[in-house]
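Reminder, nothing fancy here: chain letters follow the sequence lines and each chain counts from 1.
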Number of protein chains: 2
Amino acid sequence: MRKIAEKIEYSPTTIYLYFKDKSDLLVQICEETFAGLAKKLEAIDAKYDDPFEGLKEGCRAYINFALKHPNHYKVVFIMMPQEEADAGQYEYVGSMGDKAFSYLRENVANCIKQNKKSRVDVVDVDVASQVIWAALHGLTSLLITHKDFPWASREKLIGQMIDMIIRTVQE
Amino acid sequence: MRKIAEKIEYSPTTIYLYFKDKSDLLVQICEETFAGLAKKLEAIDAKYDDPFEGLKEGCRAYINFALKHPNHYKVVFIMMPQEEADAGQYEYVGSMGDKAFSYLRENVANCIKQNKKSRVDVVDVDVASQVIWAALHGLTSLLITHKDFPWASREKLIGQMIDMIIRTVQE
DNA sequence: TCAATATACTTAACACCGTTAAGTGCATTG
DNA sequence: CAATGCACTTAACGGTGTTAAGTATATTGA
């Protein structure tokens, strides 16, 4: 907060006239960025007739977004819900993250619906979309936070991850 | 640190006679816990002849471990590498996390080796094991940090996740 | 026109944090 | 019996987010 104050050439307390606290400030900044992701996912949803291609592209967009805005991603999905012991402090309640997820869910639903085979009744849309989100989040968050790990090439990892995800909703 | 000091009924500075700093203390505590995970994974590796069954069980063990020790898991895989901007501060360099991962990698390697079909040369062991770890981490870390999200049943999520993972090394 | 009020901001301080420098009392040693 | 080492503490530093109180300046209403 003091660093921000110095940068904008105001006293630290001035910030509190515009934001409730640090958490509020961070959330508002991140909402702005995540609106871009939601918009991108919406556009992909509209662009592709084949829901599988759409899902692939959506997954790619999610990963690329996270890697392009690592700090924003960290704030929303890694840092924010840290202090849950203190009864809801630093809780992220942004609408844009939800919106982005709902596009993913919709896309997954379309994939499952289009399946002719038996997996229709086996795969639950909620379960599938949550597992897919988790897989995406796992890769992005590890790539962001564990930079020193001897990772394989980023392209191969992303490719294999998306391959794995698509197989879940296929056949 | 002050809370710990109060709990053990010593002055805060006494802790610094036994641990370099807070990070060191946390890492040492977590190493102890993670040794349990490594041991468990080793036992599973030895128990199962079928590497696919072994991998399934190993994945389950990983998830259960994380959910049983959420704070330790958070320290090692979520919190620790947070301050990477300040040149390596709070960097986790524990050996037990690596050990646990190496068991996973070994198990994945055995699965891929046993495959008769063409995917042998398609699936890279490093890529596959890293993607699988990422998927596991994604689910556990989200379940730990985003408790308020409207999750599907934990059993279904875990089941679907492991199903998805197994499919990656199969066929 | 002049006092009352609202606006935009600051100063000083609080309570907390991890951490360090310096010191204290006590046991062990030569 | 003095010197050294050991286990621990007190006091303080520099940092954090945040609040209470105060201060100019602009805007308003009688």
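The other members of the hydrophobic cluster of A:Y48, by chain and number, are A:I44 (side-chain heavy atoms under 4.5 Å, ILVMFWY only).
In the set D:dT9, C:dT10, C:dT19, the nucleotide with an atom closest to the side chain of B:P12 is C:dT19. Each of D:dA11, C:dT10, D:dC8 was ranked by its minimum atom distance to the side chain of B:Y10; first place goes to D:dC8.
The side chain of B:Y18 places no N or O atom within less than 4.0 Å of a non-bridging phosphate oxygen (OP1 or OP2) of D:dA7. Note on B:T14: a side-chain N or O is less than 4.0 Å away from OP1 or OP2 of D:dT9.
When only modelled atom types and interatomic distance are considered, A:Y62 and A:T140 share no side-chain donor-acceptor pair under 3.5 Å. Between the side chains of A:D24 and A:Q28, at least one donor-acceptor pair of N or O atoms lies under 3.5 Å.
How far CD of A:E57 is from CG of A:D50: 11.5 Å, rounded to the nearest 0.5 Å.
Whole-Å rounding puts the B:K20 NZ to C:dG18 C1' distance at 12 Å. Straight-line distance from the CD1 atom of B:I4 to the P atom of C:dC17: 11 Å, rounded to whole Å. Between the P atom of C:dC9 and the CE atom of A:M1 lies a distance of 15 Å, rounded to the nearest Å. In this structure, B:Y16 places its OH atom 16 Å from P of D:dC8, rounding to the nearest Å. In this structure, the CZ atom of B:R2 is 13 Å from the P atom of D:dC13, given to the nearest Å. Rounded to whole angstrom, the span from the NZ atom of A:K22 across to the C1' atom of D:dT19 amounts to 17 Å. Rounded to whole Å, the distance from CD on B:E6 to P on C:dC16 is 11 Å. One can place CD1 of B:I15 at 12 Å from P of C:dC17, the figure rounded to the nearest angstrom.
Within the 4.0 angstrom heavy-atom criterion, no nucleotide atom of any strand lies near B:F19.
With hydrogens and angles ignored, no donor-acceptor pair under 3.5 angstrom links the side chain of A:T13 to the base of D:dT18.
Residue A:F149 is grouped with residue B:M96 when hydrophobic side chains (ILVMFWY) are merged at heavy-atom distances under 4.5 angstrom, including chains of intermediate members.
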